Amino acid sequence: MSAKQHKLPKNWPSNLQFISSLDISKDLSKYLEIASGICRFSPKDIAAMERISISKFYGFSSSKQLSVSPTALNSVKIESLADKPSHPASPYFGLFATKNLSPGQLIIPYYGKVTTSENASETSDYCLRLNCLAVDADSSGNEGRYVNDYRGILDKPNAEFKEFINTDYNRVEMGIFVISSKLHGGIKKKQEICVSYGKGFWSARK
Ligand SMILES: C[S@@+](CC[C@H](N)C(=O)[O-])C[C@H]1O[C@@H](n2cnc3c(N)ncnc32)[C@H](O)[C@@H]1O
């Protein structure tokens with residue numbers, strides 16, 4: 001995958017910070033770093049996680065470049081739903097594939113500001129739990145914050161949130177992956193990428 005010329009994705013709002021690495025303090029990062037001694041993931045969970053170099057995923061040779069110079073991915077785009085009134089998330093935005101994506105592949109890491117679970121926002125629509133921490137893309141994030149829930153859009157999700165090991169930092173991060181079942185067939189170019197937020201997300205908003 002190669003880095004795009006444009007640093008900001010199309011349709012990125014001017015009031016939000018665009019980042020392409022986790023916004024995390026050194027203290028909190030230790031809870032995700034495998035060798036830290038205080039990582040909260042079990043050895044069994046860690047052994048089951050895929051190992052991915054995010055700098056290579058973006059087409060860079062070092063992770064520094066991504067934190068210093070956030071970069072849009074060329075495999076996804078943020079699309080306005082304003083001209084699709086029957087779409088349940090209209091008139092806002094969704095995340096779409098710009099090329100065919102294979103079963104199981106990482107689509108995009110999910111980035112935002114990392115807090116402890118206790119300090120996580122109760123009201124943010126962009127907050128994901130990551131063990132004892134939370135990643136909130138409410139005021140900073142990447143294209144991943146635009147992934148919609150499949151309900152009312154697809155019969156079933158074509159993507160899922162999953163933890164993986166970012167080998168650049170040897171730490172656990174959260175990503176959006178294509179559903180891995182071969183029966184699923186992957187995601188086709190121009191298709192909307194949709195996950196399941198889980199029933200809890202929606203029951204908390206009734
Ligand atoms: C993480 S955001 C997704 C991106 C959002 N559409 C946007 O443009 O900022 C989550 C919010 O999107 C909307 N959303 C996502 N999936 C939806 C769905 N299937 N039906 C209705 N609204 C949805 C809800 O307002 C939800 O709180």
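None of the values given here were measured: they were computed from a predicted structure. Order of listing sets the numbers, starting from 1, for every ligand and every atom in it.
- Closest non-hydrogen pair, S67 versus P70, comes out as O-CD, 4.2 Å.
- Heavy-atom minimum distance, N158 versus C194: OD1-N, 2.8 Å.
- In this structure, the side chains of L32 and Y169 stay at 4.5 Å or more apart for every pair of heavy atoms.
- Screening residues 184-206 for ring pair (Phe, Tyr, Trp, His ring centres under 6.0 Å), with sequence neighbours left out, gives Y197-F201, Y197-W202.
- One finds a salt bridge joining R171 and E173 here, because a Lys/Arg side-chain nitrogen approaches an Asp/Glu carboxylate oxygen to under 4.0 Å.
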Could you tell me, for ligand 1, which of its N or O atoms are under 3.5 Å from any protein N or O, listing the pairs and their distances rounded to 0.1 Å?
| from | atom 1 | to | atom 2 | distance (Å) |
| --- | --- | --- | --- | --- |
| ligand 1 | 6 (N) | F93 | O | 2.9 |
| ligand 1 | 6 (N) | N148 | OD1 | 2.9 |
| ligand 1 | 8 (O) | F93 | N | 2.9 |
| ligand 1 | 8 (O) | F93 | O | 3.4 |
| ligand 1 | 9 (O) | Y126 | OH | 2.5 |
| ligand 1 | 16 (N) | D149 | N | 3.0 |
| ligand 1 | 19 (N) | D149 | O | 2.8 |
| ligand 1 | 19 (N) | R151 | O | 2.8 |
| ligand 1 | 27 (O) | D125 | OD1 | 3.4 |
| ligand 1 | 27 (O) | D125 | OD2 | 3.1 |

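- Within a 6.0 Å radius of CG in N15, other residues, nucleotides and ligands contribute more than 12 heavy atoms.
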